[in-house]
Amino acid sequence: MIASQIHERRDGDILVSTDPARLDLETVHGFLTRSYWATGIPREIVERSIRHSICFGAFDGGRQVGFARVISDRATFAYVCDVFVLDSHRGRGIGKRIMAAITSHPELQDLRLWTLFTRDAHGLYRQHGFREALHPDRLMERRQAQPYGMGAGNGSPAAKGEHTT
């Protein structure tokens, strides 16, 4: 794991920070396990994903209200995933603030390619330079249908499968 410098942006009452010590794992896991893209994800998988990513927490006061994760080699490629804002804080521009922090992060500049998947937030991502894939016919994936099914975390096929959002 590459140690990342802490990057923070404050906009009014919202702070977006990459300081892992600030993250509220209960909030992150609680949201992700009920999300459409990571339903049932075990806590230990969330912990491991956080350890191996650049994570962005959004905070209102001391309370975590949003999150995003970037998987990157910090040289050529970045994948933005697990982006969320708690229902109680939606409509306040927090997703935009998280994306602004991500795209301004010093270790994520001048990358050749950024990717993400979304079912319903295309407008947000377009505001930050994302567009439909230039060559969608070149995109391939390997997907595990039930990555967090019965036996997840114990070496079963469900635990070993790849997952993408």
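All of these numbers come straight from a predicted model, not from anything done at the bench. Residues take their numbers from the sequence shown, with the count starting at 1.
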Would you call Ile71 and Cys81 a side-chain contact if the rule is heavy atoms closer than 4.5 Å?
-> yes

Output for pair (Ile14 CD1, Ile98 CD1), nearest 0.5 Å, gives 9.0 Å

Donor-acceptor contact present, side-chain Tyr36 to main-chain Arg119, <3.5 Å | yes

Side-chain contact, heavy-atom cut-off 4.5 Å: Met99 with Phe130?
-> yes

By side chain to side chain contact (heavy atoms under 4.5 Å, CB included), which residues pair with Ala100, not counting sequence neighbours?
-> Arg9, His128

Side chain to side chain, Arg48 and Glu44, heavy atoms closer than 4.5 Å = no

List for me each residue that meets salt bridge (Lys or Arg N to Asp or Glu O under 4.0 Å) alongside Arg92, sequence neighbours excluded, and say none if there are none.
-> Asp13, Asp60

Could you list the residues that satisfy side chain to side chain donor-acceptor pair (under 3.5 Å) with Arg90, not counting sequence neighbours?
-> Asp87

Ile102 and Ala68: which non-hydrogen atoms are nearest, and at how many Å?
-> CD1-CB, 3.7 Å

State which residues pass ring-ring contact (aromatic ring centres under 6.0 Å, His included) with Phe31; sequence neighbours excluded, sorted by chain then number.
-> Phe84

Taking only residues two or more places apart in sequence, or in another chain, which ones meet His105 in a ring-ring contact (aromatic ring centres under 6.0 Å, His included)?
-> His7, Phe56

Which heavy atom of His29 sits nearest a heavy atom of Ile41, and at what distance?
-> NE2-O, 2.8 Å

Can you tell if the side chain of Ile54 reaches within under 4.5 Å of the side chain of Arg74, non-hydrogen atoms only?
-> yes

Residues 111-118 side chain polar contacts: donor-acceptor under 3.5 Å, at least two apart:
residue: Thr118; atom: OG1; partner: Asp120; partner atom: N; Å: 3.3
residue: Thr118; atom: OG1; partner: Ala121; partner atom: N; Å: 3.0

Under the side chain to side chain donor-acceptor pair (under 3.5 Å) test, residues paired with Thr76 that sit two or more places apart = Asp73

What pair of heavy atoms forms the shortest contact from Gln109 to Ser104, and how long is it?
-> NE2-C, 3.4 Å

Drop me the distance from Leu25's CG to Glu47's CD, to the nearest 0.5 angstrom.
-> 5.0 Å

Distance col, row Glu107:CD vs Ser72:OG, nearest 0.5 angstrom, shows 9.0 Å

Can you pull the salt bridge (Lys or Arg N to Asp or Glu O under 4.0 Å) pairs that have at least one residue in residues 131-140, sequence neighbours excluded?
-> Arg126-Glu132

Sub-4.5 Å side-chain heavy-atom contact between Thr39 and Thr33 = no

So which heavy atom on Gln5 is nearest to which on Thr18, and how close?
-> O-OG1, 3.5 Å

After noting the C-alpha distance and the side-chain angles of Leu86 and Arg63, does the key distance pass the side chain to side chain contact (heavy atoms under 4.5 Å, CB included) rule?
-> CA-CA 11 Å; Leu86 296 180; Arg63 180 174 175 230; 3.5 Å; yes

Heavy atoms, side chains only, cut-off 4.5 Å: are Gln64 and Ser17 in contact?
-> no

Per side chain to side chain contact (heavy atoms under 4.5 Å, CB included), Phe67 is matched among Val85, Leu23, Val83 by Leu23

Heavy atoms, side chains only, cut-off 4.5 Å: are Tyr148 and Ile45 in contact?
-> yes

Can you find a pair of side-chain heavy atoms, one from Leu108 and one from Thr103, that are under 4.5 Å apart?
-> no

Write out all pairs satisfying salt bridge (Lys or Arg N to Asp or Glu O under 4.0 Å) with one or both partners inside residues 15-34, taking only residues at least two apart or from two chains.
-> Glu8-Arg22, Glu26-Arg43

